[in-house]
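Note sheet for the following structure.
Heads up: numbering here begins at 1 and tracks the sequence.
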Amino acid sequence: MPDRVSGVPVVSVIIPVYKVEDYLPVCVESVRRQTLKDIEIIIVDDGSPDGCPALCDEYAREDSRIRVIHKANAGLGFARNSGLDIARGKWVSFVDSDDYIAINTLEACVAVGESNDVDQVRFLYETFGYDGETRLREVEVTGNVTVLREFPEKAYPFLVGMIHDNGVIKSYVKSTASACMAIYRREAIEKIGLRFLSEREMVSEDYVFNVDFAALSGGIAYMQERFYFYRQNPESLSRFRADRMNRTVPFCRKMQERFRNLGYPEADYMATSMMLSNLRTHLRHIFKSDMTLAEKRRSHGSAVNMQYFDELARQGEYKRMSMFPRIAFMCRRSYFLSYLLSTARDFLK
């Protein structure tokens, strides 16, 4: 592979790696084969216990654009931070190591970012199964770009994906808040000293990162191309994590505080919606798990009786939601009604 053609790479691509020995080759190859050659690839081995560390070193020997960091395991967010600490590119992007990107992703996004003078370019994704096709390819660029420059409007497209009911917050642009579906101007990240929080302490750390970036940096260009290919775990719906709601509360509190400090007019509504959205996911995992009925009831009770729900109830923002989420909020303490609502929602989908 060719060396970088300039002193400063156009894009730094950060790939955190942990226990993905079977999937890492496709991910790395999709980045190495980018039509934009002037890039650096930072692979962060987050203490992976399998063959990934040796694979990472082999890639670095094969391609001079690749740098490898070996570090003790600390989670995805901190692995990304380690990459940011040494990144030199004008732009920076993140790719999870079991996913991959279209080979014209960086070239197309940088062109949009530079021509529109924005600090972030966001795009969409496709999902595929763990045994699905992983053919590297270009994605046709349609030129459908929406540029938003004022907060909170520029954050609306990725915020609506997190809330339980979009009766108040609306967006005509489709997006997601994942850090992987974007490129960021690195100067803007460093100007505000932005780094990822730990996903071990709170869920959806990408949202905190992106809200802070949207509030404190320049405009965002939204593309509608599906450049990112997300490997979907077929077991994800039945996988139960007992600590999910314990990580949801600090996330929602932090987001509520962020929105209030930024003068966002719907801070309490957003916090209620985000809390309810995460509860919905958590309860679906409980109901679909192989736990006994008694275990499911205990897990349900632990989740719905958190003090933060009482605080949100007193604020009363749930009353502004449409019928389905409003009922779900009011009936959350009933295992039977929660189960019926969850089943009905799945059926209606």
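Using modelled atom types, no side-chain atom of Glu317 and backbone atom of Ala271 make a donor-acceptor pair closer than 3.5 Å. No donor-acceptor pair closer than 3.5 Å links the side chain of Ser204 to the backbone N or O of Asp206. Using modelled atom types, one side-chain atom of Glu199 and one backbone atom of Gly77 make a donor-acceptor pair closer than 3.5 Å. Although no hydrogens or angles enter the test, the distance criterion places no donor-acceptor pair under 3.5 Å between the side chain of Ser342 and the main chain of Ser338. A donor-acceptor pair under 3.5 Å is formed between the side chain of Ser97 and the backbone N or O of Pro16. Using a distance-only test at 3.5 Å, with no hydrogens or angles considered, a donor-acceptor pair links the side chain of Ser12 to the main chain of Gly89. Checking side-chain atoms of Arg33 against main-chain N and O of Ile103 turns up no donor-acceptor pair under 3.5 Å. Using modelled atom types, one side-chain atom of Ser30 and one backbone atom of Ile101 make a donor-acceptor pair closer than 3.5 Å. Under a 3.5 Å cut-off, the side chain of Ser299 and the backbone N or O of Glu295 do form a donor-acceptor pair. Looking only at distances, no side-chain donor or acceptor of Asp45 sits under 3.5 Å from a matching main-chain atom of Pro53.
Sorted pairs that involve residues 146-158 and meet side-chain hydrogen bond (donor to acceptor under 3.5 Å, both in side chains), not counting sequence neighbours, are lacking altogether. Residue pairs that meet the side-chain hydrogen bond (donor to acceptor under 3.5 Å, both in side chains) test with at least one member in residues 105-114, sequence neighbours left out, are Thr35-Glu107, Lys90-Glu114, Trp91-Glu114. Residues in residues 326-345 take part in these ring pair (Phe, Tyr, Trp, His ring centres under 6.0 Å) pairs, two or more places apart or across chains: Phe287-Tyr335, Phe287-Tyr339, His300-Tyr335, Tyr318-Phe329. Identified under the ring pair (Phe, Tyr, Trp, His ring centres under 6.0 Å) test for residues 29-69, with sequence neighbours left out: none. For residues 97-117, every residue pair satisfying the ring pair (Phe, Tyr, Trp, His ring centres under 6.0 Å) rule, not counting sequence neighbours, is listed here: Tyr100-Phe128, Tyr100-Phe229. Residue pairs meeting the salt bridge (charged side-chain N to carboxylate O under 4.0 Å, His left out) criterion with at least one partner in residues 115-124, sequence neighbours excluded, are Asp119-Arg185.
Side-chain contacts under 4.5 Å among hydrophobic residues (ILVMFWY), followed directly or transitively, place Leu84 together with Ile14, Ile42, Val44, Ile69, Ile86, Val92, Phe94, Tyr184, Ile189, Ile192, Leu194, Phe196, Phe209, Phe213, Leu216.
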>> Test side chain to side chain contact (heavy atoms under 4.5 Å, CB included) on Arg226 and Phe123; report intermediate values, then the result.
In response: CA-CA 6 Å; Arg226 298 179 182 274; Phe123 46 88; over 6 Å; no
>> Apply salt bridge (charged side-chain N to carboxylate O under 4.0 Å, His left out) to residues Asp63 and Arg32 and explain how you reach the verdict.
In response: CA-CA 8 Å; Asp63 193 329; Arg32 292 177 65 182; 3.3 Å; yes
>> Under the criterion salt bridge (charged side-chain N to carboxylate O under 4.0 Å, His left out), I'd like the reasoning laid out for Asp46 against Lys71: C-alpha separation, chi angles, the key distance, then a yes or no.
In response: CA-CA 5 Å; Asp46 191 31; Lys71 61 183 291 295; 3.0 Å; yes
> Glu311 and Met275: side chain to side chain contact (heavy atoms under 4.5 Å, CB included), yes or no, with the steps?
Replying inline: CA-CA 12 Å; Glu311 296 177 28; Met275 189 70 177; over 6 Å; no
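With sequence neighbours excluded, the residues that form a side-chain hydrogen bond (donor to acceptor under 3.5 Å, both in side chains) with Asp57 are His70. Considering only residues two or more places apart in sequence or on other chains, Arg297 meets the side-chain hydrogen bond (donor to acceptor under 3.5 Å, both in side chains) condition with none of them. With sequence neighbours left out, the ring pair (Phe, Tyr, Trp, His ring centres under 6.0 Å) criterion links Phe158 to no other residue. Scanning for side-chain hydrogen bond (donor to acceptor under 3.5 Å, both in side chains) contacts around Ser48 gives Asp50, with sequence neighbours left out. Applying the side-chain hydrogen bond (donor to acceptor under 3.5 Å, both in side chains) test to Arg314 and every residue at least two apart in sequence or in another chain returns nothing.
A pairwise comparison of heavy atoms in Val160 and Pro157 identifies CG2-O, 3.4 Å as the closest pair. Considering every non-hydrogen atom in both Val211 and Phe151, the closest pair reads O-CE1, 4.2 Å. Summarising the geometry of Ala179 relative to Arg80, their closest heavy-atom pair is CB-NH1, 3.9 Å, with the distance given to 0.1 Å. Across all their heavy atoms, Leu341 and Ala328 have their closest contact at CD1-CA, 3.7 Å.
Using a 4.5 Å cut-off on side-chain heavy atoms (C-beta onward), Asp85 and Arg195 make contact. At a threshold of 4.5 Å between non-hydrogen side-chain atoms, the residues Met306 and Met245 count as touching. With contacts defined as side-chain heavy-atom distances shorter than 4.5 Å, the pair Phe227/Leu124 does not qualify. Two residues are said to be in side-chain contact when any heavy atoms from C-beta on lie closer than 4.5 Å; Val20 and Cys52 meet this criterion. At a threshold of 4.5 Å between non-hydrogen side-chain atoms, the residues Cys180 and Val95 do not count as touching. Inter-residue side-chain proximity for Thr281 and Arg244 is flagged as met; some heavy-atom pair is nearer than 4.5 Å. Contact check for Ile183 versus Gln120: no side-chain heavy atoms found under the 4.5 Å cut-off. No side-chain heavy atom of Arg332 sits less than 4.5 Å from a side-chain heavy atom of Leu276.
One hydrophobic cluster, built from ILVMFWY side chains closer than 4.5 Å, holds both Val203 and Phe259. In the hydrophobic cluster analysis, where Ile, Leu, Val, Met, Phe, Trp and Tyr join through side-chain heavy atoms closer than 4.5 angstrom, Tyr230 is grouped apart from Leu76. A single hydrophobic cluster is seen to contain both Leu136 and Val28, as judged by linkage of ILVMFWY side chains at heavy-atom distances under 4.5 Å, directly or through other members. One hydrophobic cluster holds both Ile39 and Ile43 under the rule that ILVMFWY side chains link at heavy-atom gaps under 4.5 Å. Hydrophobic clustering (side-chain heavy atoms under 4.5 Å, transitive across Ile, Leu, Val, Met, Phe, Trp, Tyr) groups Val118 together with Val10.
For the atom pair NZ of Lys296 and OG of Ser289, the computed distance is 5.0 Å after rounding to the nearest 0.5 Å.
Evaluated for a salt bridge (Lys or Arg N to Asp or Glu O under 4.0 Å) with Glu40, the options Arg186, Arg65, Arg88 yield exactly one hit, Arg88.
Using a 4.0 Å cut-off between charged nitrogen and carboxylate oxygen, Lys254 and Glu201 do not count as a salt-bridge pair.
A side-chain donor-acceptor contact under 3.5 Å links Tyr308 and Gln256. Using modelled atom types, one finds no donor on one side chain facing an acceptor on the other under 3.5 Å when comparing Thr272 with Gln315.
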